[in-house]
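Notes follow once the structure below has been shown.
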Number of protein chains: 2
Amino acid sequence: MSSLPLHERIRQEVESSILSGELRPGDRISSEFELMAHYGCARMTVNKAMSALAAAGLIDRRKRAGSFVARPRNVAMMLDVPDLMSEVMGRGQRYAYRQLSRQIADTAHDRQAFAELGAVGRVLRLSGLHVADDTPFAFEERIINLALVPEIEQADFSQEPPGTWLLKHIPWTEAENRIGALGASREHARALGIAIGESCLAIDRHTWRATDSVTFVRQVFVAGTYELVARFGPSRPPA
Amino acid sequence: MSSLPLHERIRQEVESSILSGELRPGDRISSEFELMAHYGCARMTVNKAMSALAAAGLIDRRKRAGSFVARPRNVAMMLDVPDLMSEVMGRGQRYAYRQLSRQIADTAHDRQAFAELGAVGRVLRLSGLHVADDTPFAFEERIINLALVPEIEQADFSQEPPGTWLLKHIPWTEAENRIGALGASREHARALGIAIGESCLAIDRHTWRATDSVTFVRQVFVAGTYELVARFGPSRPPA
DNA sequence: CAGTGGTCTAGACCACTGA
DNA sequence: CAGTGGTCTAGACCACTGA
């Protein structure tokens, strides 16, 4: 039973040739005209398959020359960056957000806020804990551009954390994440119940709406309690 | 000067409506027939634009019902996972790999190798340091399936690290990365010149060729010396 | 200059599914 | 059952660029 569309079948067959090693980097792939003849289909169907492989970075296409298996350099992996509340609840655990601090500031006087968001004016600064089954697993420190989201001043974070609130109210954004490690500061240590200097995973995320900064957040996870997963490949990895 | 293909212009215009908030999650997008009329083009052109948005996860398409702005849940970010040697040299620094240990084992007797790769038989176990401008910045511990890459037993890692060697000899693979933090072990600490327990970023990468395990590697970076960057969005984030 | 990919057209048939 | 998206056809013209 193969109800697979033809363009998808072509894509998978060429992809398999590349991932199995039958076609090696630099090798030329049959031209669209040759593939048309081979599959007995229209050129658009072949083109759809090959365009998808080019978009995924597996092949390079050059006019007049043809299509070639690309060299795997900086492979772009797909990284899942889930909403923490959804993720915790998805594992069947209870989720809670505990606010630790709240403060209105202005990028004109708050140098850190200015450094992260630029000159956006009034900002809301929050810090809090993400808690799964009564155990804090992440500390977060957030700066929100109030010019863009004034109504967040009245928001209630007892049911959902600021990140989830923002996701609902500022639905689609552009984002940049920086992932690193750090040793727990005094504040992190007290909040997370660990020792100062203990190893933590840190995610710094800056999100924009068009050209305006929406929010900057640093989330700090105790080492071993949280992992990010990124994948590359046609299917999920074999078991 | 807009030499942009029409399908790309349509994609960008709909994307802008979503990212600017003009269209909100759940909102219906004009049908392909309406967009055909609006842009005065063929349906395939509209379809190419909308299919790209659906592939990127920005819209959901349902037969009979139409196309709708998706809810931003687990957004898939693009994570750059560069080759360490290329990255260091791309920054204009000198790169070197220093091998620390080398050992042939068998998954029949080596429990850790079996746990990571499965029952693949003979394996090569390596540990070494990635060095930029004479400063070690990453420790790596690697297990390689010799059944798949027997010639690596004779390879010389003085010019390129095992990862780069594998990239050249086993060009395209599937991969899964797990990114977390850990405290430096005694071995990490000695190799990297840091204190035991000091915070480190750890990347565990398992790569496959079709259904066969090729290699498992853990790379450990001193906190603050290395960051991973992941992005989501139509363009690069504003400055 | 000739082969290749990039794009686009104006149709077509179909599966699906919600009004 | 009618509107929608999914797919596909058989053409077309063009820009590019390497033989």
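Numbers restart at 1 for each chain; the letters A, B, ... are given by sequence-line order, proteins then strands. All heavy atoms count here, side chains included; hydrogens, waters and symmetry mates do not. These figures come from a predicted structure and were not determined experimentally.
- Nucleotide D/dT17 holds its P atom 13 Å from the CZ atom of A/F68, rounded to whole Å.
- Side-chain N/O atoms of B/R43 and base N/O atoms of C/dA10 include no donor-acceptor pair closer than 3.5 Å.
- You'll find a donor-acceptor pair under 3.5 Å spanning the side chain of A/R64 and the base of C/dA2, going by distance alone.
- Side-chain atoms of A/I203 and A/L228, non-hydrogen and from C-beta on, do get closer than 4.5 Å to each other.
- Defined by atom type and a distance below 3.5 Å, a donor-acceptor pair is missing between the side-chain atoms of A/Y39 and A/E34.
- An OP1 or OP2 oxygen of C/dG6 is reached within less than 4.0 angstrom by no side-chain nitrogen or oxygen of A/K63.
- Regarding contacts with the backbone of D/dG5, a side-chain N or O of B/S67 is found under 4.0 angstrom from either OP1 or OP2.
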As a check on the pairing definition, encode DNA chain C in dot-bracket form, counting Watson-Crick and G-U wobble pairs whose two distances are under 3.5 Å, and using | for partners outside this strand.
||||||||||||||||||.
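- OP1 or OP2 of C/dG6 lies within a sub-4.0 Å distance of a side-chain N or O belonging to A/R61.
- Across the protein-nucleic acid pair, B/E32 atom CD and C/dA12 atom C1' stand 14 Å apart, rounded to whole Å.
- With no hydrogens or angles considered, a side-chain donor-acceptor pair links B/R61 and B/S67 at under 3.5 Å.
- Checking D/dG18, D/dG5, C/dT4 against every side-chain atom of A/S31, the shortest atom distance belongs to C/dT4.
- Under the 4.0 Å criterion applied to side-chain N and carboxylate O atoms, A/R178 and A/E176 are assigned as salt-bridge partners.
- Looking only at distances, no side-chain donor or acceptor of B/R218 sits under 3.5 Å from a matching main-chain atom of B/F139.
- Here D/dG11 presents its P atom at 16 Å from CE of B/M44, a figure rounded to the nearest Å.
- Using a 4.0 Å cut-off, some side-chain N or O of B/T45 falls inside it from OP1 or OP2 of C/dT9.
- To the nearest angstrom, C1' of C/dT9 lies 13 Å from NZ of B/K48.
- Atom CG in A/L4 sits roughly 12 Å away from atom C1' in D/dT7 (whole-Å rounding).
- Between the CZ atom of A/R9 and the C1' atom of D/dT7 there is a distance of 15 Å, rounded to whole Å.
- Between the side chains of A/S213 and A/H206, at least one donor N or O sits under 3.5 Å from an acceptor N or O.
- The CG atom of B/L6 sits 19 Å away from the P atom of D/dC13 (whole-angstrom rounding).
- Residue B/F33 places its side chain closer to D/dT4 than to any other of D/dT7, D/dT4, C/dT4.
- Two residues, B/M50 and A/G40, neighbour DNA chain D, and the one matched to the more 5' nucleotide by heavy-atom proximity is B/M50.
- Screening A/Y97, A/Y226, A/Y95 for a side-chain hydrogen bond (donor to acceptor under 3.5 Å, both in side chains) with A/H130, the sole residue that qualifies is A/Y95.
- In this structure, CZ of B/R62 is placed 16 Å from C1' of D/dG6, rounded to the nearest angstrom.
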